[in-house]
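Presented below is the structure to which this report refers.
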Amino acid sequence: MNNPLYDNLFGVHSRNDDTFLYLINGQTITYRNFLANSRRIANTLVDLGLKPGDCVAIQVEKSPEMLNIYAACAQAGLVFLPLNPTYTVDEIEYFIENSGSRLIICNKKNKEGLTVIAKNLSVLIETLNSDSTGSIIDKANSSSEDFKTATRSKDDLAALLYTSGTTGKSKGAMLTQANLLSNGNALMTAWQFTKSDILLHALPLFHTHGLFVATNVILSAGGSMIFLPKFDLDDIVKNLPKSSAMMGVPTFYMRLLADDRFNKKLVHHIRLFVSGSAPLLSETHIQFEKITGHRILERYGMTETNMNTSNPYNGERRAGTVGRPLPCVELKITDPETGRELSNNEIGQIEVRGPNVFKGYWRMPKKTKAELRENGFFITGDLGKIDKDGYIHILGRDKDLIISGGFNIYPKELEEIIDDQEGVLESAVIGVSHSDFGETPIAIIVQEAEMDPNIEVIDRNLRKSLARYKHPRKMIIVDKLPRNAMGKVQKNILRSFYKDLFLN
Ligand code: MLC
Ligand code: AMP
């Protein structure tokens, strides 16, 4: 084995004629054909001048070709950097510059805006569109199907995934081959995935959940995926009877429960529903079991660590808990002030250590040092406790983070833009409960004396700078923000005051 990630996840399937992907248009793609296409793309990437260790940023809609590029990067020893296709040009510029990517692959819609950035930063640019066309595909079509796999070691970087920071810019989490391999394998075993499984895949591919949890588990097991472009209730209802498992964020399950077509018969031969990326309400868990007879298996992870804990496949899946640590993962609860390990049922910060934990933040040694201890424990920023049976309960966050439909939003990023707007003295962005997205951001804005901030203009400016999912669902003008004796804004008071705004 000279490239563990490629050899174990992809190379083992190069002569496998089983179906890897079932597409929504009725087409299927076998492992063998998928890998032949990936090798053509690997040749294209090398012909463009990319060398092992170079980073490839990709901002495209979900497609089988995006997965081909993931496989091609693994085979050519390149670092894969997927980006949300709804990010604005401003947001992308930072990622390209910070990562030092050598190539950006985007759709034709975004090419114009990104070409300027690519020129300024001397980055190559190619296109890939959702209809399987694009310059990278044209080039791949005339490339050879033979490719010599680049030699890499388990400690080499496989992917760079950006995760927003509480205090400023996003941080690139450096994920090694070993991180991805160990977690894919642990999850396949824990959740008993085999080559007979057909996973209903409706998650985006630019985050850990859809890419490393769902896809890597299926690649590890040699199973197949019904590969949907996005979560669409009609498509889900149509495909559930053909699937053996589904993975989703809590919003998937809340939307299914609200649909009249969703019943026991529709899911009777599914063996596993997994939820993660955001808290699954106990009510959702209980109602789901009432309607389907299935207990959703909730697990807990994050970009920096892949998956850390899981409820058991066999054994009690406890609503409101994220189960126990996966084999190989150590988890402890510590006092945020002293770092001292706490006892069962005491609430503190969650720290984890194991082969799943990332190598650090790309080009950010200070942030790495602050969050990744020398002894290997990563301070997750989540608060929780371990109960007497060893189940972990997530009880809050030490980090100022909002999770909307499984996407993370950092208030600071919005506050910085809102505070710069005309007529705004200061602002506080908080998360409030939302019946569809779980949580959603709202902005509480203090106007400057004698000024009248224009909410419509602020909204327009936010749309120019930030992806749509981050926008506050409401902006409220107030006279002042509540502060404690130290002058710190008391977001807890705001959260409690506005808590029912979006509940129905
Ligand atoms: C879409 N919109 C969102 C949104 N998704 N707004 C807030 N939060 C979201 N999550 C916007 C759209 O741009 C649109 O804007 C409007 O909301 C309504 O869109 P929609 O059609 O209802 O949304 P939809 O496309 O159905 O998407 C909702 C969703 C999707 C929940 C299916 O967001 C999704 O697939 N989320 C999964 C995220 C995920 O994979 N997270 C994993 C992170 S990894 P407009 O303009 O119409 O108002 C991680 C680690 C771990 O956390 O543990 O897994
Ligand atoms: P991300 O940075 O996008 O990877 O988001 C990771 C964060 O999502 C974690 O730090 C948790 O705060 C949250 N998270 C993931 N899974 C769960 C879960 N099952 N329950 C509660 N929070 C979760």
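These numbers come from a predicted model, not from an experiment. Position 1 is the first residue of the sequence, and the numbers go up from there. Indexing begins at 1, ligand by ligand and atom by atom, following the structure's order.
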Test: Glu371 and Lys171 ion pair at under 4.0 Å
yes
Can you find an N or O of Val249 that's nearer than 3.5 Å to an N or O of ligand 1?
no
Heavy-atom contact under 4.0 Å between Lys62 and ligand 1?
no
Hey, does Gly210 sit under 4.0 Å from ligand 1 if you only count heavy atoms?
no
Out of His471, Arg299, His209, Met302, indicate the one that has the non-hydrogen atom closest to atom 53 (O) of ligand 1.
Arg299
Heavy-atom distance from atom 14 (C) of ligand 1 to the protein below 4.0 Å?
no
Using heavy atoms and a threshold below 4.0 Å, how should the contact between His434 and ligand 1 be classified: side chain, backbone, both, or neither?
neither
Near-ring test Phe80/Phe206, centroid separation under 6.0 angstrom:
no
May I ask you to check whether Pro204 has an N/O atom sitting below 3.5 Å from an N/O atom of ligand 1?
no
Heavy atoms only: which of Asp382, Asn408, Ile403, Asn311 is nearest to atom 8 (O) of ligand 2?
Ile403
Salt bridge or not for Asp389 and Arg318, using N-O below 4.0 Å?
yes
Please confirm whether Thr208 approaches ligand 2 to less than 4.0 Å, judged on its heavy atoms.
no
Within reach of ligand 1, part of His207 (heavy-atom separation under 4.0 Å):
side chain
Nearest-neighbour protein heavy atom for atom 6 (N) of ligand 1, which is reported as residue plus atom name and distance
Arg473 NH2, 3.0 Å
Atoms of ligand 2 close to Thr163 [distance to a heavy atom under 4.0 angstrom, numbered from 1]
2 (O)
Which segment of Tyr469 sits under 4.0 Å of ligand 1 when only heavy atoms are counted:
both
Is Lys399 in contact with ligand 2, taking contact as a heavy-atom separation below 4.0 Å?
yes
Centre-to-centre under 6.0 Å for His207 and Phe407, is that the case here?
yes
Candidates Arg299, Met307, His393; heavy atom nearest atom 19 (N) of ligand 2 found on Arg299
Measure the distances from the heavy atoms of Lys470 to every atom of ligand 1 and state whether one is below 4.0 angstrom.
no
With a 4.0 Å cut-off, strictly under, does atom 29 (C) of ligand 1 pick up any protein heavy atom?
no
I'd like the name of whichever of Ser404, Gly405, Ser277, Gly438 reaches closest to atom 51 (C) of ligand 1 through any heavy atom.
Ser277
Heavy-atom contacts under 4.0 Å between Arg255 and ligand 1: side chain, backbone, both, or neither?
side chain
Could you establish whether Tyr300 and ligand 1 come within less than 4.0 Å of each other, counting only heavy atoms on the residue side?
no
In the complex you have, is atom 47 (O) of ligand 1 within reach of the protein, judged by whether a heavy-atom distance drops under 4.0 Å?
no
Close approach, His207 and ligand 2, non-hydrogen under 4.0 angstrom
no
Report, as yes or no, whether the 6.0 Å neighbourhood of atom NZ on Lys154 holds more than 12 heavy atoms from other residues, nucleotides or ligands.
no
Does the gap between the ring centers of Tyr87 and Phe95 come in under 6.0 Å?
yes
